[in-house]
Amino acid sequence: GRTELGRSLAVAGKRQAANVAVPESQWGFAAGGRAEEADDMALGVRRREMPPRPQPGRETYAAISENPLRDPLTEPLSTFSVDVDTASYANVRRFLTSGRRPPRDAVRIEELINYFSYNDPAPTGDEPFAVSLEAAASPWHADRLVVRIGLKARDIDRRERPAGNLVFLVDVSGSMSARNKLPLVKQSLKLLVNELGSSDRISLVTYAGQAALRLPPTSGDEKATILAAIDGLASGGSTHGSAGIEMAYAQAAEHFVEGGVNRVLLATDGDLNVGITSDAALEALIREKAKGGVFLTVLGFGEGNLQDAKMERIADKGNGLYAYIDGLREARKVLVEQLTGSTITVAKDVKLQVEFNPATVAGYRLIGYENRLLAAEDFRDDTKDAGEIGAGHSVTALYEIVPRGVVPGRGAEPLKYQQQPEPPVVLSDDGEQSTDLLTVKIRWKQPAGSTSQLAEFPLADRGESFEASSADLRVAAAVASF
């Protein structure tokens with residue numbers, strides 16, 4: 001629940017950078033803030049592939065360069081992939097509860113925001129998700145607006161969950177011997193096993209110096225057999241991750257269930273040192289395997305050598321999600337409470353493209369999603385991979401907007417040899433001047449589909465004060481402020 005933020009993030013202490021009021025009596029916390037300005041930043045491209053930044057103790061995180069304020073006259077489109085990963089939140093909690101400041105690049109704001117569920121309306125009919133839009137005064141700047149885009153995926157009753165073909169792929173190399181690694185992996189998988197039934201088939205593949213099939217496909221109601229195989233796991237040796245991946249996907253493909261849940265669940269610290277070890281080659285391997293219709297869940301464990309950047313990317317390339325398990329409470333949340341969302345995909349390759357109306361918007365910035373940015377032309381390109389949404393998942397994105405007529409703060413010096421372009425007059429369908437702030441366009445594919453579908457949602461309402469906005473918007477802004 002939302003009181004989770006009070007239990008973990010509040011360990012870092014109170015901060016005063018933003019005045020974000022969230023009713024503590026309702027959600028169990030009030031947030032201070034981190035509202036970092038990006039007005040002076042200028043990225044030359046829409047997406048930058050930056051090498052992972054090494055951290056003390058051999059942990060690696062993909063470098064993050066915060067999104068700058070952009071001008072809709074020159075850049076009217078903002079395009080990105082959805083992100084339902086929650087690894088960053090649990091990993092940040094790990095640092096804070098141990099009294100340490102997390103590395104800057106470990107903090108992916110969208111994953112902190114999306115760790116929580118929101119009260120958006122569920123979809124109706126056969127639609128995989130519903131879309132909600134809301135604007136209000138910004139809590140960070142008095143003359144700006146904040147816009148929340150909310151997606152709510154169709155939920156599936158676990159009693160109606162389709163047959164499962166699940167392959168547990170477990171790293172049992174020597175680096176997994178710590179108490180918060182393989183021992184926690186075994187406890188976590190046992191929680192999941194107890195939720196499975198006779199329509200599910202479970203396989204267990206391990207890898208260290210080489211890969212091994214520890215348990216052939218076994219009915220989910222043979223729990224004693226499955227639990228005994230998990231109990232028998234022990235760590236030792238090097239880490240031949242690619243061999244394990246090959247064997248796990250081969251098992252999943254051999255026992256593929258048409259119309260069922262076909263998924264590899266990889267439990268690891270991500271530290272591969274034998275076989276395919278380069279990120280590019282590993283991503284290519286995962287991308288090729290994903291073409292067979294088998295989805296991927298990556299569960300990160302441990303500390304000291306956590307390869308967060310690698311695990312985030314292979315989950316992305318494997319049409320899956322990435323969660324970090326810092327204890328049994330998180331394991332229960334991901335593998336029991338969110339069982340359908342963690343194993344059942346309702347829409348894949350979900351992309352958002354927001355078009356801003358330059359007649360009403362002078363500037364905008366996307367908060368978070370730096371590692372998920374796409375080129376504008378990628379939106380219509382069905383060969384470009386994007387994120388998946390699982391059953392019952394909530395996805396939230398926040399924009400801060402500078403309304404037309406408000407000076408957007410510091411910027412470049414005025415041009416000497418050409419005039420600043422005037423904002424166009426945009427007319428609506430009835431011939432009147434459009435008051436829209438923006439239009440959200442969404443593309444997605446069915447889980448087994450190859451052609452995307454398109455939906456559009458305009459937003460004109462500017463809302464009222466931040467205090468009068470919905471609790472969902474205030475909670476999301478509070479988490480972003482942290």
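A donor-acceptor distance shorter than 3.5 angstrom exists from the side chain of Thr97 to the backbone of Arg94, with no hydrogens or angles considered. In terms of modelled atom types and a separation under 3.5 Å, the side chain of Tyr118 and the main chain of Ala471 share no donor-acceptor contact. A donor-acceptor distance shorter than 3.5 angstrom exists from the side chain of Asp461 to the backbone of Gly463, with no hydrogens or angles considered. Remark: side-chain polar atoms of Asp105 are paired, donor with acceptor, to backbone N or O of Ile64 under 3.5 angstrom. The backbone N or O of Leu366 sits less than 3.5 Å from a side-chain atom of Asn67, completing a donor-acceptor pair. Side chain of Lys333 to main chain of Leu328: no donor-acceptor pair is present (N/O by atom type, distance under 3.5 Å, no hydrogens or angles). A donor-acceptor pair under 3.5 Å is formed between the side chain of Arg201 and the backbone N or O of Ser198. Remark: the backbone N or O of Asn119 is paired with a side-chain donor or acceptor of Asp472 at under 3.5 angstrom. Between the Asn114 side chain and the Glu110 main chain, a donor and an acceptor come within less than 3.5 Å of each other. Remark: side-chain polar atoms of Lys348 are not paired, donor with acceptor, to backbone N or O of Gly320 under 3.5 angstrom.
Annotation: the span from Leu227 atom CG to Leu189 atom CG amounts to 10.0 Å, rounded to 0.5 Å.
Here the rule is side-chain hydrogen bond (donor to acceptor under 3.5 Å, both in side chains) with Thr345, and of Arg263, His393, Glu388 only Arg263 fits it.
Considering every non-hydrogen atom in both Val185 and Ala267, the closest pair reads CG1-CB, 3.7 Å. Pairing each heavy atom of Ala252 with each of Val264, the nearest pair is CB-CG2, 4.3 Å. Between Arg462 and Leu145, the closest heavy-atom pair is CG-CD1, 3.8 Å. The two atoms that bring Ala476 and Leu398 nearest to each other are O-CD1, 3.7 Å, heavy atoms only. Shown here for Ile401 and Pro403, the closest heavy-atom pair between the two residues is O-CD, 3.4 Å. Of all non-hydrogen atoms in Pro102 and Leu96, the two that sit nearest each other are CD-CD2, 3.7 Å.
With sequence neighbours excluded, the residues that form a salt bridge (Lys or Arg N to Asp or Glu O under 4.0 Å) with Arg108 are Glu111, Asp308, Glu312. Taking the ring pair (Phe, Tyr, Trp, His ring centres under 6.0 Å) definition, one finds that Phe129 meets it with Trp444, sequence neighbours left out. Partners of Asp200 according to the side chain to side chain donor-acceptor pair (under 3.5 Å) rule, which considers only residues two or more places apart in sequence or in another chain, are Arg161. Legend: residues meeting ring pair (Phe, Tyr, Trp, His ring centres under 6.0 Å) with Phe80, ordered by chain and number and at least two apart, are Tyr369. Among residues two or more places apart in sequence or in another chain, the salt bridge (Lys or Arg N to Asp or Glu O under 4.0 Å) test is passed with Glu464 by none. Residues that satisfy the ring pair (Phe, Tyr, Trp, His ring centres under 6.0 Å) test with Tyr399, not counting sequence neighbours, are Phe356.
Around atom CZ of Arg158, more than 12 heavy atoms belonging to other residues, nucleotides or ligands sit under 6.0 Å away. In the displayed structure, Asp126 atom CG is contacted under 6.0 Å by at most 12 heavy atoms of other residues, nucleotides or ligands.
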Practice task
Show the numbers, then the answer: is there a side chain to side chain donor-acceptor pair (under 3.5 Å) between Thr86 and Tyr322?
Solution key: CA-CA 7 Å; Thr86 58; Tyr322 169 38; over 6 Å; no

Apply side chain to side chain contact (heavy atoms under 4.5 Å, CB included) to the pair Ile109 and Leu112, showing each step before the final yes or no.
CA-CA 5 Å; Ile109 294 177; Leu112 271 64; 5.6 Å; no

Using the side chain to side chain contact (heavy atoms under 4.5 Å, CB included) rule, take Leu352 and Lys441 through it: C-alpha gap first, then chi angles, then the decisive distance, then the call.
CA-CA 6 Å; Leu352 279 78; Lys441 306 172 187 178; over 6 Å; no

Derivation and outcome, side chain to side chain donor-acceptor pair (under 3.5 Å), residues Asn319 and Lys289
CA-CA 10 Å; Asn319 290 337; Lys289 297 299 182 184; over 6 Å; no

**CA sep, side-chain torsions, deciding dist, call: Ile202, Leu196, side chain to side chain contact (heavy atoms under 4.5 Å, CB included)** = CA-CA 9 Å; Ile202 312 301; Leu196 303 179; 3.0 Å; yes

Item to complete: Evaluate the criterion side chain to side chain contact (heavy atoms under 4.5 Å, CB included) for residue pair Arg93 and Glu330; output intermediate values, then yes/no.
Response: CA-CA 11 Å; Arg93 177 174 61 198; Glu330 186 67 11; 2.9 Å; yes

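Side chains of Asn357 and Asp436: a donor-acceptor N/O pair is absent below 3.5 angstrom, by distance only. Between the side chains of Tyr61 and Glu59, at least one donor-acceptor pair of N or O atoms lies under 3.5 Å. Side-chain polar atoms of Thr439 and Glu456 form no donor-acceptor pair below 3.5 angstrom. Counted by atom type alone, Ser138 and Glu400 present one or more donor-acceptor pairs between their side chains at under 3.5 Å. Checked by atom type, the side-chain pair Ser470/Arg148 shows no donor-acceptor distance below 3.5 Å.
Between Arg443 and Asp349 no salt bridge is recorded (no basic side-chain N to carboxylate O distance below 4.0 Å). Using a 4.0 Å cut-off between charged side-chain N and carboxylate O, Lys351 and Asp378 make no salt bridge. Ion pairing between Glu377 and Arg380 fails under the 4.0 Å rule for side-chain N and carboxylate O. Salt bridge annotation for Asp85-Arg372: present, with a cationic side-chain nitrogen under 4.0 angstrom from a carboxylate oxygen. Between Glu127 and Arg154 there is no salt bridge, since none of the side-chain N atoms of the basic residue sits less than 4.0 Å from a carboxylate O of the acidic one.
A cation-pi geometry, defined here as NZ or CZ lying under 6.0 Å from the six-membered ring centre and within 45° of its normal, does not hold between Arg474 and Phe466. Cation-pi geometry between Lys384 and Phe379 is not satisfied (NZ or CZ under 6.0 Å from the ring centre, within 45° of the ring normal).
Between Phe116 and Tyr89, the distance separating the two ring centers is shorter than 6.0 angstrom.
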